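Index from 1, following the sequence. Computed from a predicted model, the values in this text were never measured in an experiment.
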Amino acid sequence: DVCSSDLAEALAALAPRLEPADAARQTSIGAGRVLDAVAEASDSAELGDLARALAALAPWLGPTEASIAARVAMSALGNSPTPYMLASLAVALAALAPRLEPAEAARLTSAAARRVVDAIANTEDPDAPYPFSMALAALAPKLDSAEASIAAREAMEALAKSSSPSILASLAEAVAVLAPRLEPAEAARQTAAAARRVVAVMAKPNDNHYEWRLLAKALAALAPWLAP
């Protein structure tokens with residue numbers, strides 16, 4: 001609940017002032033309370049608060065506790081949350097990743113990134129671009145080149161099919177966010193293809209200034225990766 005998330009964030013702020021053993025014990029208890037509340041949460045705002053509390057506690061958790069927390073976050077992320085709830089869970093998962101065994105961290109962050117790309121491709125929420133960008137920005141640095149490549153290819157496949165300027169812009173930004181994790185040749189190829197798709201859509205008459213801004217923002221994000 002909200003009380004659990006507030007207390008957990010306060011505990012995370014206090015942890016650096018505790019003796020290491022006490023900090024580990026108290027943050028473990030706090031994380032357990034948060035995870036119990038996540039399992040019972042039915043409100044998207046409440047779950048977002050709990051995810052943020054989990055992200056705050058993450059640096060203090062051991063590998064076993066972090067693994068449990070990451071699996072709970074991944075399960076919640078897979079249950080079609082709202083864009084902001086998805087973003088909060090993705091940020092929590094990214095915060096937990098350094099505390100996991102490398103193989104588990106790679107598997108969960110890769111799956112989460114693909115879940116975000118899928119959500120971008122299928123959303124009808126006009127306010128979704130910002131939280132989706134925030135989610136991918138948190139996850140992308142945790143991906144290796146192979147995992148980022150999978151997510152980028154899925155984004156490009158969805159981008160080629162989309163007829164919605166706002167969704168297309170979000171997918172193009174996803175490619176730009178993933179580009180630093182790709183091999184240089186693939187980054188150049190994927191960002192160039194995304195930019196061409198954005199420019200083609202911008203060339204069509206459109207009186208929706210919000211969509212134009214989103215497309216322009218996506219093109220600006222892609223620009224550093226484009227050849228002269």
Side-chain angles (χ1 to χ4, degrees), residues 1-120 123 125 127-128 130-143 147 151:
D1 52 29
V2 175
C3 184
S4 294
S5 63
D6 289 341
L7 289 171
E9 289 194 76
L11 181 58
L14 289 166
R17 312 304 300 169
L18 302 176
E19 293 295 328
D22 195 22
R25 183 172 64 254
Q26 299 292 1
T27 52
S28 177
I29 293 170
R33 293 286 182 87
V34 170
L35 293 176
D36 288 343
V38 167
E40 298 174 0
S42 57
D43 177 80
S44 61
E46 178 186 0
L47 189 53
D49 288 339
L50 291 165
R52 285 189 291 275
L54 197 57
L57 289 168
W60 303 97
L61 302 182
T64 300
E65 297 152 336
S67 179
I68 294 168
R71 290 197 297 270
V72 170
M74 192 65 211
S75 176
L77 191 148
N79 291 330
S80 299
T82 66
Y84 278 97
M85 196 159 72
L86 186 147
S88 296
L89 289 163
V91 169
L93 193 58
L96 288 162
R99 312 302 297 171
L100 303 175
E101 294 296 330
E104 184 177 22
R107 178 171 51 81
L108 290 177
T109 53
S110 179
R114 294 197 301 274
R115 172 71 182 93
V116 173
V117 169
D118 181 67
I120 293 171
T123 188
D125 186 340
D127 296 324
Y130 173 73
F132 284 152
S133 294
M134 183 171 66
L136 264 187
L139 291 166
K142 312 299 179 185
L143 305 179
E147 296 153 357

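- Looking at K142 and P98, their side chains come closer than 4.5 Å, going by heavy atoms from C-beta outward.
- Once rounded to the nearest 0.5 Å, the distance linking CG of L93 with CG of L86 reads 10.5 Å.
- Counting only distance, with no hydrogens or angles, the side chain of R99 and the backbone of L61 share a donor-acceptor pair below 3.5 Å.
- In terms of heavy-atom proximity, L143 sits nearest to A113 at CD1-CB, 3.9 Å.
- Distance check, rounded to the nearest 0.5 Å: CG of L54 to CG of L89 gives 9.0 Å.
- Between the CD1 atom of I68 and the CG atom of L100 there is a distance of 11.0 Å, given to the nearest 0.5 Å.
- Between the side chain of T123 and the main chain of A119, no donor-acceptor pair closer than 3.5 Å is present.
- Closest of all the heavy-atom pairs between A151 and V117 is O-CG2, 3.9 Å.
- Shown here for L77 and A90, the closest heavy-atom pair between the two residues is CD1-N, 3.9 Å.
- Note that the CG atom of L57 and the CZ atom of R52 stand 13.5 Å from one another [nearest 0.5 Å].
- Side chain to side chain, S75 and R71 fail the donor-acceptor criterion of an N or O pair below 3.5 Å.
- Not a single donor-acceptor pair under 3.5 Å links the side chain of E104 to the backbone N or O of E101.
- Remark: Q26 CD to L14 CG distance equals 10.0 Å, nearest 0.5 Å.
- When all heavy atoms are compared, the tightest approach of A55 to A92 is CB-CA, 3.8 Å.
- Using a 4.0 Å cut-off between charged nitrogen and carboxylate oxygen, D22 and R25 count as a salt-bridge pair.
- Side chains of T109 and E147: a donor-acceptor N/O pair is absent below 3.5 angstrom, by distance only.
- Nearest heavy-atom pair across P131 and A87 is O-CB, 3.2 Å.
- Between P141 and A138, the closest heavy-atom pair is CD-O, 3.5 Å.
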